[in-house]
Amino acid sequence: MLAYVLRRIGQSVLVLLVTGLVAFSMFRFVGDPVDNMLGQERTQADVERLRDRLGLDEPFAVQYWSFLTNAARGDFGLSYRQGRPVAEIIAERLPATLELAAVSAVLAVVLGVAFGIYAAIRRGGWLANAIMTASLIGVSLPTFLIGILLIWIFSVELGWLPSYGRGEVVDLGWWSTGFLTASGLKALILPAITLGLYQMTLIMRLVRSEMMEALGQDFVRFARARGLPERAVTLRHALRNVAVPVITVTGLQLGSIIAFAIITETVFQWPGVGLLFINAVQFVDIPIMAAYLMGISVMFVGINLVVDLSYLAIDPRLRAGAGGRT
Amino acid sequence: MSAPDPVPPALELRNLRVDIPTRRGTLRAVDDVSFAIAPGEILGVVGESGAGKSMTGNAVIGLLDPPARIAGGEVHLNGRRIDTLGRGALRRIRGAEIGMVFQDPTSSLDPLLTIGDQLVETMRAHLDISGKAARARAVAALEEVGIPGARDRIDSYPFQFSGGMRQRVVIALALCAEPSLVIADEPTTALDVSVQAQIIALLKRLCAERGTAVMLVTHDMGVIAETADRVLVMYAGRMAELGPVREVIDRARHPYTAGLMASTPAASRGARRLYQIPGAMPRLTDLPEGCPFHPRCPKAQEDCRRVPRPTLAADGGRAACLHPLDPERGAEDVARAAEGTAR
Ligand SMILES: Nc1ncnc2c1ncn2[C@@H]1O[C@H](COP(=O)(O)OP(=O)(O)OP(=O)(O)O)[C@@H](O)[C@H]1O
Ligand SMILES: [Mg+2]
């Protein structure tokens with residue numbers, strides 16, 4: 001089992017090295033950083049000095065290595081546009097995105113699993129049918145359209161909720177949170193729904209179909225024949241047995257919640273890293289783009305690793321199998 | 001009404017009917033089935049596939065798969081009517097008063113929980129005991145069903161056991177809350193031939209010790225001969241014959257029973273080759289007029305086609321047949337007659 005865990009960690013590191021290479025290549029092949037950083041009025045000496053400072057004359061491997069070691073320490077250099085450390089800029093923006101993503105993810109997972117179980121148990125009931133029909137909207141409408149629709153209804157027509165920004169935030173020094181003010185919480189509602197709706201419906205439909213299959217299995221029948229309460233039959237036996245596919249999909253969806261935050265943040269002018277990234281793309285601010293890319297890939301790889309390890313926690317047969325294989 | 005018996009039967013069915021509403025009309029999967037099993041008695045239930053054996057068992061424990069439902073009759077457990085109980089009350093009876101053993105132990109057990117957890121949850125659903133006490137009882141239950149090293153194996157998962165051992169675990173689960181009735185639906189069909197006899201012997205011994213009544217559904221006539229006290233033969237959802245095991249096996253009264261015996265190796269010792277009942281059991285959608293067996297019956301006469309389906313009363317409570325076989329000549333007679341018609 002330890003061998004399996006180590007192998008999976010090794011694979012993760014490999015994936016990160018490759019994405020690191022892609023991120024790093026952007027520096028060399030997309031635009032010229034010196035052009036971007038120095039204005040029209042520049043001397044050759046300015047150019048030389050900057051090239052030297054950025055290490056652009058070193059051999060490829062050396063540059064890549066220093067990029068990796070710096071990245072590992074969270075150092076992505078200076079933003080071409082703002083001239084400030086990328087890490088500092090991202091640290092300012094990260095709380096907004098993480099709070100939004102966390103609320104969306106909790107919404108998607110909790111409601112997705114709960115509705116999915118309900119729709120499976122009460123299959124054919126009117127409420128279950130209504131949930132299934134409504135879920136079609138979630139999977140078929142594009143995110144930006146949902147956002148715009150919500151803004152139109154709740155901000156423009158009803159005027160209940162703000163259509164952009166984060167509202168008032170409280171600065172805790174290392175973190176700025178919108179959870180502590182009423183306007184911050186209100187500002188979260190629409191973007192969180194927009195961001196989480198697709199994932200919620202996806203999780204819900206998956207949970208429903210997996211649960212319906214599990215509820216027809218012999219061990220569920222036997223659990224009922226043993227006289228277990230229906231709650232134990234559904235949650236302890238059926239749900240646990242669908243946990244592996246559900247966690248797999250949920251994990252990937254959590255990753256895409258953060259990735260898709262770009263769209264939601266743009267629609268709602270949410271001051272997070274997604275919006276930062278879009279602005280960086282417009283200005284070809286490579287260090288920020290590279291840092292964003294690395295951050296997203298670290299997150300995906302991390303989620304995948306956790307998902308894979310959770311299989312071991314759930315299924316004893318895999319634990320035994322993972323011990324046997326190398 | 002007569003005065004109630006001092007000891008009511010563990011299970012009594014009165015004219016049980018199970019219907020399956022379908023788009024093309026209602027099917028009657030179990031029709032007018034009545035029998036009783038005394039405490040400690042083993043009733044074998046046989047019949048071809050689709051005869052309604054499992055439906056009968058599932059109706060008793062209230063676990064019919066929708067749309068199938070009990071459409072008539074009564075189910076009494078230890079003198080108490082249970083088919084009218086609500087879902088919650090019925091749930092408390094399952095496992096506690098009626099234990100169930102299914103065909104395939106591999107799929108019956110939850111693959112993700114240890115067998116100890118499954119035993120403990122079952123006991124705690126029915127008995128008012130602590131987790132620790134339940135665990136101690138679980139070890140004892142596993143020892144009783146012959147799991148070697150029960151104390152160490154209680155934390156094993158189902159996949160770590162062989163098929164035979166898994167069925168022992170299933171039996172431990174069925175019996176752990178000390179039910180007064182066990183319904184075993186083909187408990188050995190999915191098992192290796194080498195362990196089938198052990199499992200049946202185990203079930204028989206444990207139920208005898210506890211005085212548990214057993215409804216044993218099986219296709220294995222040898223198992224019936226060795227285990228059951230009485231046999232119920234079912235055909236197309238109805239009772240074809242009911243009687244003491246030796247009587248039914250040696251002196252079948254219903255031609256279907258005789259054909260069934262002649263077609264199984266264990267019961268037809270001596271026969272040179274196995275007999276096959278001609279044709280197949282009719283589907284519930286197109287049951288023939290009269291006796292449902294008459295199209296396949298070597299002894300069928302004109303009235304079998306005409307007279308509405310006979311009940312056991314046609315043969316003094318023994319066989320649902322207008323022209324029961326001569327007890328002196330029994331099965332051989334049928335086999336011979338059948339071979340004649342088959343040719
Ligand atoms: N949903 C359904 N729709 C129509 N017919 C059904 C349905 N479920 C079961 N049946 C029919 O009910 C009848 C009784 O089935 P049952 O499972 O009780 O048979 P059985 O005697 O246990 O057979 P086996 O030996 O194969 O287990 C069968 O003829 C089957 O085709
Ligand atoms: Mg069956």
Side-chain angles (χ1 to χ4, degrees), chain A residues 1 119-126 128-129 207 210-248 307-325, chain B residues 54 57-58 60-67 87-115 117-119 121-127 155-160 166 169-170 172-177 179 182-183 185 190:
Chain A
M1 191 166 121
I121 299 174
R122 293 286 142 80
R123 118 189 56 164
W126 70 268
N129 284 342
V207 167
E210 292 284 336
M211 278 296 280
M212 289 202 317
E213 197 191 319
L215 286 170
Q217 303 239 315
D218 281 355
F219 64 84
V220 166
R221 189 177 188 78
F222 189 51
R224 291 208 175 104
R226 285 188 276 142
L228 302 186
E230 203 52 34
R231 192 164 32 85
V233 174
T234 346
L235 300 183
R236 196 169 146 87
H237 293 281
L239 187 62
R240 185 188 296 249
N241 274 275
V242 306
V244 164
V246 169
I247 287 178
T248 307
V307 164
D308 278 4
L309 295 184
S310 76
Y311 295 166
L312 294 185
I314 294 167
D315 196 330
R317 290 164 297 188
L318 297 180
R319 282 204 289 280
R325 276 183 279 123
Chain B
S54 300
N58 292 341
V60 170
I61 57 169
L63 279 185
L64 286 171
D65 291 314
R87 284 157 58 104
L90 208 51
R91 200 252 321 142
R92 279 187 289 277
I93 285 179
R94 287 198 294 267
E97 293 178 54
I98 306 176
M100 193 81 196
V101 178
F102 289 115
Q103 182 170 332
D104 187 355
T106 306
S107 54
S108 291
L109 298 170
D110 187 330
L112 303 186
L113 293 175
T114 66
I115 57 167
D117 284 343
Q118 298 187 52
L119 276 161
E121 73 175 350
T122 311
M123 286 188 265
R124 298 198 70 184
H126 300 297
L127 313 169
D155 293 317
S156 303
Y157 291 92
F159 78 95
Q160 293 164 317
R166 275 182 215 143
V169 173
V170 168
L173 279 162
L175 292 176
C176 68
V182 168
I183 300 177
D185 194 345

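Note on naming: letters A, B, ... go to the chains in the order of the sequence lines (proteins, then strands), and numbering restarts at 1 for each one.
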[atom2] on [Y] to [atom1] on [X], rounded to 0.5 Å:
{"X": "A/His237", "Y": "B/Gln118", "atom1": "NE2", "atom2": "CD", "answer": "6.0 Å"}
{"X": "B/Thr122", "Y": "A/Arg226", "atom1": "OG1", "atom2": "CZ", "answer": "4.0 Å"}
{"X": "B/Ile61", "Y": "A/Arg221", "atom1": "CD1", "atom2": "CZ", "answer": "6.5 Å"}
{"X": "A/Leu318", "Y": "B/Leu112", "atom1": "CG", "atom2": "CG", "answer": "9.0 Å"}

May I have the step-by-step check of side chain to side chain contact (heavy atoms under 4.5 Å, CB included) for B/Leu113 and A/Arg236, ending in yes or no?
CA-CA 9 Å; B/Leu113 293 175; A/Arg236 196 169 146 87; 4.0 Å; yes

Heavy-atom pairs under 4.5 Å with chain A, option from [options] with the top count:
{"options": "B/His126, B/Arg87, B/Glu121, B/Arg124", "answer": "B/Glu121"}
{"options": "B/Gly62, B/Pro111, B/Gly99", "answer": "B/Pro111"}
{"options": "B/Val170, B/Val101, B/Thr114", "answer": "B/Val170"}

A/Glu230 atom CD, neighbour heavy-atom count above 12 within 6.0 Å
yes

So which part of [X] gets closer than 4.5 Å to some heavy atom of chain A, the side chain, the backbone, both or neither?
{"X": "B/Asp117", "result": "both"}
{"X": "B/Arg92", "result": "neither"}
{"X": "B/Ile93", "result": "neither"}

Can you see which heavy atom on [X] is nearest to which on [Y], and at what distance?
{"X": "B/Phe102", "Y": "A/Ala225", "value": "CE1-CB, 4.0 Å"}
{"X": "A/Phe219", "Y": "B/Asp110", "value": "CB-N, 3.8 Å"}
{"X": "B/Ala125", "Y": "A/Gly227", "value": "CB-O, 4.1 Å"}

Is the backbone N or O of A/Arg224 less than 3.5 Å from a side-chain atom of B/Arg94, with the two atoms forming a donor-acceptor pair by type?
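Checking the backbone N and O of A/Arg224 against the side chain of B/Arg94, a donor-acceptor pair under 3.5 Å is found.
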
Contact check, side chains of A/Pro229 and B/Arg91, non-hydrogen atoms, under 4.5 Å:
yes

